[in-house]
Protein chains: 2
Amino acid sequence: MAYETALTVLADPTRRQVFERLRHGPCPVHAIAKGMPVSRPAVSQHLKVLKDAGLVEERSEGARRIYSLRREGLAELRDWLDSFWDDALLAFKIEAERTHRHAKGQGDGE
Amino acid sequence: MAYETALTVLADPTRRQVFERLRHGPCPVHAIAKGMPVSRPAVSQHLKVLKDAGLVEERSEGARRIYSLRREGLAELRDWLDSFWDDALLAFKIEAERTHRHAKGQGDGE
DNA sequence: CCGTTTCGTAAGCCATGACTTACCGTAAGG
DNA sequence: CCTTACGGTAAGTCATGGCTTACGAAACGG
């Protein structure tokens, strides 16, 4: 799953709350919904989105669906963030070069 | 700035595009807007949001405002992501304990 | 000085998506 | 069986927020 998906999905506060609720460990839907400011169907909808994004996984246990965290779903987002630090040095180098030949006239880029 | 802010702000595709545009280096507004699917005012609005979130910074240079990346703005989000890996071991340990005394009756949590 | 470039802000429109209630299956249990 | 717990899905409402056009203000250039 692309980092864009994780970003979009985790942007919603309620959905993030659902997600964080699963840090403690696997949990059935009704238990997640309890202590949450929204209705149970709303939680179900959030869980579906989280599952489609690969951020949680679901297993059936009789009548209940037990949801649990999928930390690998965060991997791509983490990598994306890391990539910014990677090219920090690169950007610095480029800017240093530019400064050297103090090109002022066409410095706007693009 | 809290990680929630970075998450919310970077969730929008267009705004993310603006943000990524600055990876190459500082850039005035009109240059960012060029080659973007939206109008210049839209870009300005995105830049304001990004600035308020501490993800970019702005410096005046004559009539133009030069925007540049602020990688520190991503730090909290990175830490938040990292924290999930931190408690992965912890959760594993807890679950292991639970399995040991095979507590079945009150396993639902909460 | 007047026109042009650069940019921010205001107002208004409209699509997206989060939430609700209502309903329908399935499993457990008397 | 019939009832109750559990949970997914549908339909409809409504607020959030991203986009546009229009305008105003500051610097630059002839």
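By convention in this document, chain letters (A, B, ...) are assigned in the order of the sequence lines, proteins followed by strands, and residues within each chain are numbered from 1. Scope of the values below: all heavy atoms of this structure, side chains included, with no hydrogens, waters or symmetry mates.
The separation between R65(B) atom CZ and dA25(D) atom P is 14 Å, rounded to whole Å. In this structure, R40(B) places its CZ atom 11 Å from C1' of dC23(D), rounding to the nearest Å. The interatomic distance linking H46(B) (NE2) with dG18(D) (C1') rounds to 6 Å, in whole Å. R64(A) places its CZ atom 18 Å from the P atom of dT4(D), with the value rounded to the nearest Å. The CD atom of Q45(B) sits 10 Å away from the P atom of dG8(C) (whole-angstrom rounding). Rounded to an integer number of Å, the gap from CD1 of I66(B) to P of dA26(D) is 19 Å. Atoms NE2 (H30(A)) and C1' (dA27(C)) sit 13 Å apart, rounded to a whole Å. The distance from atom CG of D12(A) to atom P of dT16(C) is 17 Å, rounded to the nearest whole Å.
Side-chain contact, S68(A) with R59(A): no donor N or O sits under 3.5 Å from an acceptor N or O.
A residue-by-residue look at T14(A) and V29(B) shows that V29(B) has its nearest nucleotide of DNA chain C further toward the 5' end. Nearer the 5' end of DNA chain C, as judged by each residue's closest nucleotide, is the contact made by K48(B), out of K48(B) and P41(A).
Closest to the P28(A) side chain, of the nucleotides dC7(C), dG7(D), dT20(C), is dG7(D). Ranking dT9(C), dA22(C), dA27(D) by closeness to the A63(B) side chain, first place goes to dA27(D).
OP1 or OP2 of dT6(C) has not a single side-chain nitrogen or oxygen of Y67(B) nearer than 4.0 Å. Put simply, S44(A) has no side-chain N or O that comes within less than 4.0 Å of OP1 or OP2 on dG7(D).
The aromatic rings of F84(A) and F19(B) sit tilted, their planes meeting at an angle between 30° and 60°.
Looking at S44(A), its side chain never comes within 3.5 Å of a backbone N or O of P41(A) through a donor-acceptor pair. With R15(B) contributing its side chain and V9(B) its backbone, the two residues share a donor-acceptor pair below 3.5 Å. Looking at R70(A), its side chain does come within 3.5 Å of a backbone N or O of G54(A) through a donor-acceptor pair.
Contacts of R15(A) with the nucleic acid, taken as non-hydrogen atoms under 4.0 Å apart, involve only primed sugar atoms and P, OP1 or OP2.
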